[in-house]
Amino acid sequence: MFRPVEGSVSLPKLEEEICRFWKDRRIYEKSLSARSGAEEFVFYEGPPTANGLPHPGHCLTRAIKDLFPRYRTMRGYRCRRKAGWDTHGLPVEVEVCKELGIHSKEEIEAYGVEPFIHKCLESVFRYTKEWEQLTERLGFWIHLDDAYVTYHQSYVESVWWALKNLFDRGLLYQGHKIVWWWAQGGTALSAGEVGQGYREVADPSVYVRFPLVDRPDTDLLVWTTTPWTLPNNQFVAVSPTSDYAVVEDKTLGRRLIMAASLLDAIKNKVGHEYPKIHEIISGRELIGRRYVPPFDYYYNRDGSTTGHLRIDQAGRATRNMYYQNDCRFDEDRSAAELEEEEDYVAWRILPGSFVTLDTGTGLVHEAPAFGEVDYDVLLRQQSLFTEGEGPQLINAVAADGTFTPEAPDYQGRWVKDCDRDIIRDLKDRGLLYHQEQYVHDYPFCWRAEEDPLIQYPRRSWFISTTRFKEKMLANNRRINWLPDHIRDGRFGNFLETNVDWALSRERYWGTPLPIWVCEETGHMEAVAGYDELLAKPGMRGTDVWEKARKVNPNLPDDLKVHKPYIDAITYDSPKAPGKRMRRVSEVIDCWFDSGAMPFAQWGYPAQAGSQTHFAEQFPADFISEALDQTRGWFYSLLAISRLLFSPDGPDGEQDRPEVRPEVEYPHPFRNCIVLGLMLGEDGGKMSKSKRNYREPQVIFDRYGADALRWYFFANQPPWTSIRYSEQSIKECIPEFLLRLWHVYSFFVIYANIDGFDPAASISGDSISGAVGQLTADVLATGDGYRPVSQRGELDRWILSELNRNAATATERMDAYDNHGACGQLAEFVDALSNWYVRRSRDRFWSGEQSTDKTDAYWTLYECLLSTCKLIAPFVPFLAEAIWQNLACEAFCGRAIESVHLCDYPTARPDAIDETLSGRMAQVREIVSLGRSARMGAKLKVRQPLPLVEVVLADATHQPWLEEHVGLISGELNVKRVEFTQKADRYITHTVLPDLKRLGPRLGRRLPGLRKLLAEADGGKLLAELKAEGRITLELPDGPVTLDSADIQVRMQAKQGWAAAQGRSSVVVLSTELSDELVAEGLARELVHAIQNRRRELGCEFTDRIAVGVVTRSGEIQDAMGQFREYIMRETLTVEIGSEPLAGSQPAELKLAGHPLTLYIRKRGQNYFSGNCRSV
RNA sequence: GGGCGCAUAGCUCAGUUGGUUAGAGCGCGUCCCUGAUAAGGACGAGGUCCCAAGUUCGAGUCUUGGUGCGCCCA
């Protein structure tokens, strides 16, 4: 006996029970231990931050992260899943600041760094409980107890190890980074914060003359909207591919150079006459020309300074780089001359691909200190000179936003306030050509609304990633990205434009940058561990941590490697006796933390066992996150891995520290599913305040986790940006989950009625009686189990479908295509429910215990068991629920205790019968057409018809079909099915060309042939083809000969028949009704009415009834007479009469227009026993 | 401004190497079934495959341009 299945199932309730079951029985752990020694399938968890509540997007990520490990485990791999938490970073600090009602760094320092990071720590784990609950409820199996945590000492030390490696190899260096700077607050703002503060403002827009050095009568006309940056001018950039005009300004009496296309616009603005254009020259020709900048603070000193140019490997001096690959070389110089080759360091014209010609003059003022693009220009220039001889960054502005003594005229004044005076000064000196207001968006501090931000250089630490660009690209090319356009698109492009990784952050809550500097000499050392630090000579400062610990004994030990405690630790400088080594103040970008997880999750290399763990779990086979991680985690993983774990370093690296393991590309991940972003129900961004999505917990409570999972997996490929839809989640239930559930419930009902009990006859192994996974081999030992080849067509067909689907689902899942796999599974469940069970119902109802019936049970049982396994990775709860009943409970614990410990079903090729699939598809088409024809003729299925005639386009399967007309006649309620070849009375034939074949052969003659065939008499052509084996058609440009493979025949039903046409057949109904057929139809109507009444009266399946039908209709009386037994059998009627029944409520009805009164009375159940159908 | 992606039925989405009649679910309409039953099923209506040009015998599919939307970066 199987445990009876409740008809209306509450999936959420069921799932919660299964959650408990998995936990109690430690099924996840068992799924791992069962695979000990097996090949590893390596999964990396990208660590989420638990300082906010999880939303539906996180559910998608976590669902996908669960699916493939589950699947691979069932496929025989061992897949460890270590959870992780990202704990550092600015977002955490911002949350805490919000909480404390503070904002600036000064306020944080006033509050105290120590209590501040305690708050950060608290905040990071605020929602851990919610995250863990969600993880478990969603069925995401992962080791939460064993999670790696980025602030833990072992993790931090692992990150330090990596940084020390980079530092010692010269790949970690200090440089400048241009940031959006809030001068009044003394802090840089993150991109997100800057984005919030844009406002439209009017700034001065000035056109300034920069005289050329070699042509003192000619000026560059330069445009800028930040006059205050002019004292720091270092270069002028032009567009090398555009034309520039040299014009005479009559009013001024000088020549001006400006973009040719802007000439008119400028002339109109200024109102000057330009009587003559002297010359049109390309921007390229301007490059290298020197000019005199408007302020001489630096020019006085360095205006004539030159530096040696760098000699490249080909022995060429490179100067004035136009573009990356478009340099000017001095080819005809000798080596000695090249060594001497020099150029002026600054105040030259340079190429700039960023120069646009929509506004301004086409000549752009460059002040590298105050613009990111400008700064890149400086870096590029520096790279052209021998180390140390190129242009240096000049900066006459202090961090508080005031001019330094280097600009004595404006010293001590806020830069923006100086705009007016600078303009006046230019005017006085005659350099100002034109001035106006320029309205544009400019960022302000989101906290102090009156403070404009400025771009400003800050000392910062960088990792030399650009030196690995080609190597990262090579690695990237080997990664299997899904969708694959990420590889060469978004991610590849990002790598192509790689800039050195700005690693340091002037913040508080993060992994401290492990670099100690000598206070005297500036000598620097990287430290890879806390113990290493303690062992340094003259180490002092651990007392700060010890004191804190005494005050608060609950402080986690891990905090000691964080600010402010780590900052207190100093040691003796090896370079200057008596001086101290002190840590730099910065923490690092938290993306470095998460990108280090492949090794840092194990505390590699210091932690015991980490070497082995790392070697076994690197690289990952599979990772998945959403698209927004392209420049985040995906990049940090790849960059760090490439810098550390490949044998070849950057060009020129020598004596590189040994690192193991060194791994072939791709690493650190081989397959990566990039998930689409999830939108709210309204198509907008998901937002808590807009309430445009339903919280995951509500979804779990209403529909369950399987519904949500199936919605994610089956509705679209995972990289689609989906619009989250509660309705769609809900619909997954009837479309898939409930459909399967009903098949399962149907099986259990009838198996119990018929006493189908596989456990009774399957003994399992001789000692324990274990039956394991109840594979087909095990089932084959059961009573009455017959080889599939001996069973009927329907059974063979569904088992063929089962195996076909197992094969395809496996193939799809191996290719990381969950959407394709789900399509297959849904199709199978549909076939099982809507064709196999539907067409087999009679077999299960039949009274006697026949072989055919037993076959049906074994077939359906096997299908259900295999389906459980097939769907287990997708909808683990439903799969488990069915498995528990059909396998575990039925076999009283002799079966394997969870479906998730089973092997994924593999297809048995011998069970797949493609021919049978094709035939059954044809049967289903015929039935569908038959129904369509019935609809057209308004003949309901209850009315039996004498005959249906089927015209097949291709008679190959006809003999088989003739043997299986029962499927058709049963479904269509017709007495006879005939296949006819002489179908001319019903149909006309159209002959169509096979385009795929004829297209290449006929080319442009094809349209002519198509026209000819469309107009021809199809029947005649076919007759000719049959007689001759080919047909020849006369086209205007010559004859064309076609054989049977060149054409396709389409049939069309003629008017006047109850017919319907499909791709391969036409179905014609015979609509002549004999009296007997009409009577039978009436009998079925009566059965229908009685059954309805039974339901209304609340009869059980097995209840027997007495029926009274009172009617004056002779037709109904006749039908009752003729089909008395049929009616009684179908409705479990033990007495039927034409009189009212005492004590029963009469029901007034109309049957096909005939009025009648129906009386029904329940009878005792003890008349019969056993199967209610076997009357 | 640059990069990437998306645009197919009222809605949410599929659409395999270009091929004859572009599909599914929901919703809608008509109906069937009523012993899987607070389910299930069939049939039908509904499409300028965003627009334009090109390649081709043939384009939802390939190319180019445009429009709209999204994301990332400036």
Side-chain angles (χ1 to χ4, degrees), chain A residues 5 7-8 191 353-354 356 358 372-373 483 485-486 488-494 496-497 626-628 630-632 676-677 679 683-685 711 714-717 719-725 727-728 730-732 734-736 738-739 741-750 753 819-820 823 826-827 830 833-834 837-838 841 844-845 927-936 938 940-942 971 973 990 992-1010 1014 1048 1050 1060-1063 1084 1087-1089 1091-1092 1094-1095 1099-1102 1130-1132 1172-1173:
Chain A
V5 177
S8 60
S353 54
F354 50 85
T356 57
D358 359 308
E372 214 175 334
V373 175
H485 62 72
I486 299 286
D488 298 320
R490 193 178 275 238
F491 196 73
N493 285 338
F494 176 59
E496 288 285 357
T497 57
L627 186 65
D628 54 2
T630 312
R631 284 147 197 260
L677 295 168
L679 304 170
K685 213 176 157 141
Y711 163 69
N715 271 20
Q716 62 282 310
W719 47 84
T720 310
S721 289
I722 53 168
R723 193 184 282 205
Y724 184 73
S725 152
Q727 185 60 28
S728 301
K730 190 179 173 181
E731 282 163 9
C732 291
E735 277 168 30
F736 183 73
L738 214 50
R739 188 170 289 170
W741 185 268
H742 280 132
V743 175
Y744 156 62
S745 138
F746 175 90
F747 169 80
V748 168
I749 289 170
Y750 287 99
I753 287 171
H819 178 247
E827 195 182 292
D830 181 68
S833 166
N834 287 327
V837 169
R838 187 178 164 84
R841 273 194 287 218
F844 293 104
W845 295 339
V927 167
S928 171
L929 291 171
R931 274 194 283 255
S932 176
R934 267 189 176 273
M935 286 292 288
K938 294 200 186 305
K940 52 170 69 173
V941 180
R942 265 197 293 269
E971 194 64 25
N973 192 20
T990 311
L992 293 168
D994 185 317
L995 297 174
K996 244 177 182 163
R997 252 174 90 95
L998 294 174
R1001 204 165 96 199
L1002 295 178
R1004 49 183 70 249
R1005 298 177 68 199
L1006 192 56
L1009 176 71
R1010 289 182 76 173
Q1048 288 176 12
R1050 185 134 311 156
Q1061 64 203 1
R1063 284 192 180 273
R1084 288 188 61 146
V1087 166
H1088 172 57
Q1091 299 285 31
N1092 271 347
R1094 275 182 67 112
R1095 273 245 315 288
C1099 290
E1100 299 293 327
F1101 292 173
T1102 46
E1130 288 296 316
T1131 56
L1132 293 190
C1172 60
R1173 297 283 307 183

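Only heavy atoms go into these numbers, but all of them, side chains included; no hydrogens, no water, no symmetry mates. We name chains A, B, ... by the order of the sequence lines, and we start the count at 1 in each one.
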Mind checking the P distance from B:rG46 to B:rA53? Whole angstroms is fine. 27 Å

Whichever of A:V373 and A:P1007 has its nearest RNA chain B nucleotide further upstream toward 5': A:P1007

Using the C1' atom on both, measure B:rG68 against B:rC51 and round to a whole Å. 11 Å

Closest contact, heavy atoms only, A:R723 versus A:Y711: O-OH, 3.0 Å

Quick one: label A:L1002 by what it contacts on the DNA or RNA (base, sugar-phosphate, nothing), any heavy atom closer than 4.0 Å. nothing

Here the distance between atom P of B:rA14 and atom CH2 of A:W719, to the nearest Å, is 10 Å

Give the nucleotide from the list B:rC71, B:rU12, B:rG19 with an atom nearest to the side chain of A:L627. B:rC71

Can you check the A:N834 CG to B:rA24 P distance for me, whole Å? 14 Å

To check you understand the geometry: which heavy-atom pair defines the closest contact between A:R1010 and A:P993, and what is its length? CG-CG, 3.7 Å

B:rC43 OP1/OP2 closer than 4.0 Å to side-chain N/O of A:S928: yes

side-chain N/O A:R739 vs B:rG41 OP1/OP2, d < 4.0 Å: yes

Between B:rA36, B:rU20, B:rC26, which nucleotide gets closest to the side-chain atoms of A:E731? B:rC26

Using the C1' atom in both, what is the distance from B:rA14 to B:rG23, to the nearest Å? 7 Å

Any A:H1088 side-chain N or O less than 4.0 Å from OP1/OP2 of B:rU34: yes

Is any N or O donor-acceptor pair between the side chain of A:Q1048 and the base of B:rU20 shorter than 3.5 Å? yes

B:rC26 and B:rU67: how far apart are their C1' atoms, nearest whole angstrom? 30 Å

Kindly say if A:N715 contacts the phosphate of B:rC13, meaning a side-chain N or O under 4.0 Å from OP1 or OP2. no

Quick check on B:rC57: is either OP1 or OP2 less than 4.0 Å from any side-chain nitrogen or oxygen of A:R1005? no

Does B:rC71 have a Watson-Crick or wobble mate here (both distances under 3.5 Å), and if so which one? B:rG3

May I ask you to say what A:I722 touches in the nucleic acid, namely base, sugar-phosphate or nothing, with a heavy-atom cut-off under 4.0 Å? sugar-phosphate

Taking A:D830's backbone N and O only, do any of them form a donor-acceptor pair with A:S833's side chain (distance below 3.5 Å, no angle check)? no

C1' atom, B:rG65 versus B:rA22: distance in rounded Å? 26 Å

Minimum-distance nucleotide to A:I749 side chain [options: B:rC72, B:rA36, B:rC57]: B:rA36

Picking from B:rC72, B:rA14, B:rU20, which would you name as closest to the side chain of A:Q716? B:rA14

Hey, which sits more toward the 5' end of RNA chain B by its nearest nucleotide, A:E372 or A:L995? A:L995

At less than 4.0 Å, is any side-chain N or O atom of A:Y750 found next to OP1 or OP2 of B:rA36? Yes or no. yes

Kindly indicate whether the side chain of A:R931 and the base of B:rC32 share any N or O donor-acceptor pair separated by less than 3.5 Å? no

Look at all strands and tell whether A:T720 reaches a base, only sugar-phosphate, or nothing, counting heavy atoms closer than 4.0 Å. sugar-phosphate

Considering every strand and a 4.0 Å limit on heavy-atom distances, what is the contact class for A:D628: base, sugar-phosphate, or nothing? nothing

Starting from C1' on B:rG58, measure out to CG on A:D994 and report it in whole angstrom. 13 Å

So with a 6.0 Å cut-off around CZ of A:R1004, is the heavy-atom count from everything else above 12? no

What's the gap between B:rC49 and B:rC4 when it is taken at their C1' atoms, as a whole Å value? 23 Å

Please round to the nearest 0.5 Å and tell me the distance separating atom CZ of A:R490 and atom OG1 of A:T630. 5.5 Å

Under a 3.5 Å cut-off for both contacts, is B:rC50 paired Watson-Crick or G-U wobble with anything, and if yes, with which nucleotide? B:rG66

Rounded distance in Å - CG (A:L998) to C1' (B:rU20): 12 Å

How long is the line joining CD1 of A:I753 and C1' of B:rA36, in whole Å? 11 Å

Nearest-0.5 Å distance that lies between atom CD in A:Q1048 and atom CG in A:L995: 8.0 Å

Just how far, in rounded Å, is C1' of B:rG2 from CZ of A:F494? 15 Å

Spacing between A:F746 atom CZ and B:rC33 atom P, to the nearest angstrom: 19 Å

Quick one: A:L677 CG to B:rG5 P, roughly how many Å, whole number? 15 Å

Is the A:W741 ring parallel, tilted or perpendicular to the A:Y744 ring (thresholds 30°, 60°)? perpendicular

Base, sugar-phosphate, or nothing for A:P734, non-hydrogen atoms under 4.0 angstrom? sugar-phosphate

Would the base of B:rA36 count as contacting A:S833 through its side chain, where contact means a donor and an acceptor less than 3.5 Å apart? yes

Quick check on B:rC33: is either OP1 or OP2 less than 4.0 Å from any side-chain nitrogen or oxygen of A:R942? yes

Within the pair A:R934 and B:rA42, is there a side-chain N or O less than 4.0 Å away from OP1 or OP2? no

Considering only the C1' atoms, how many Å lie between B:rG29 and B:rG10, rounded to the nearest integer? 14 Å

Separation between CG (A:L677) and OG1 (A:T720), nearest 0.5 Å, reads 11.5 Å

Parallel, tilted or perpendicular: ring planes of A:Y750 versus A:F844, cut at 30 and 60 degrees: tilted

Starting the side chain at C-beta, find the nucleotide from B:rA14, B:rC43, B:rG40 nearest to A:S932. B:rC43

Taking any strand in view, what nucleotide pairs with B:rC13 in a Watson-Crick or G-U wobble way, both distances under 3.5 Å? B:rG23

Donor-acceptor under 3.5 Å (A:H742 side chain, A:L738 main chain): yes

Side chain of A:R631 only, heavy atoms from C-beta on: which candidate in B:rA14, B:rA39, B:rC72 is closest? B:rC72

Using the side-chain heavy atoms of A:R490, tell me which of these nucleotides is nearest: B:rG40, B:rU20, B:rC71. B:rC71

Given B:rU17, B:rG3, B:rU20, identify the nucleotide with an atom nearest to the side chain of A:L992. B:rU20

Sticking with atom P, work out how far B:rG41 lies from B:rG5, rounded to a whole angstrom. 39 Å

Between A:Q727 and B:rU12, is there a contact of a side-chain N or O with OP1 or OP2 at under 4.0 Å? no

Answer for the Watson-Crick or wobble partner of B:rC31, both distances under 3.5 Å, is B:rG41

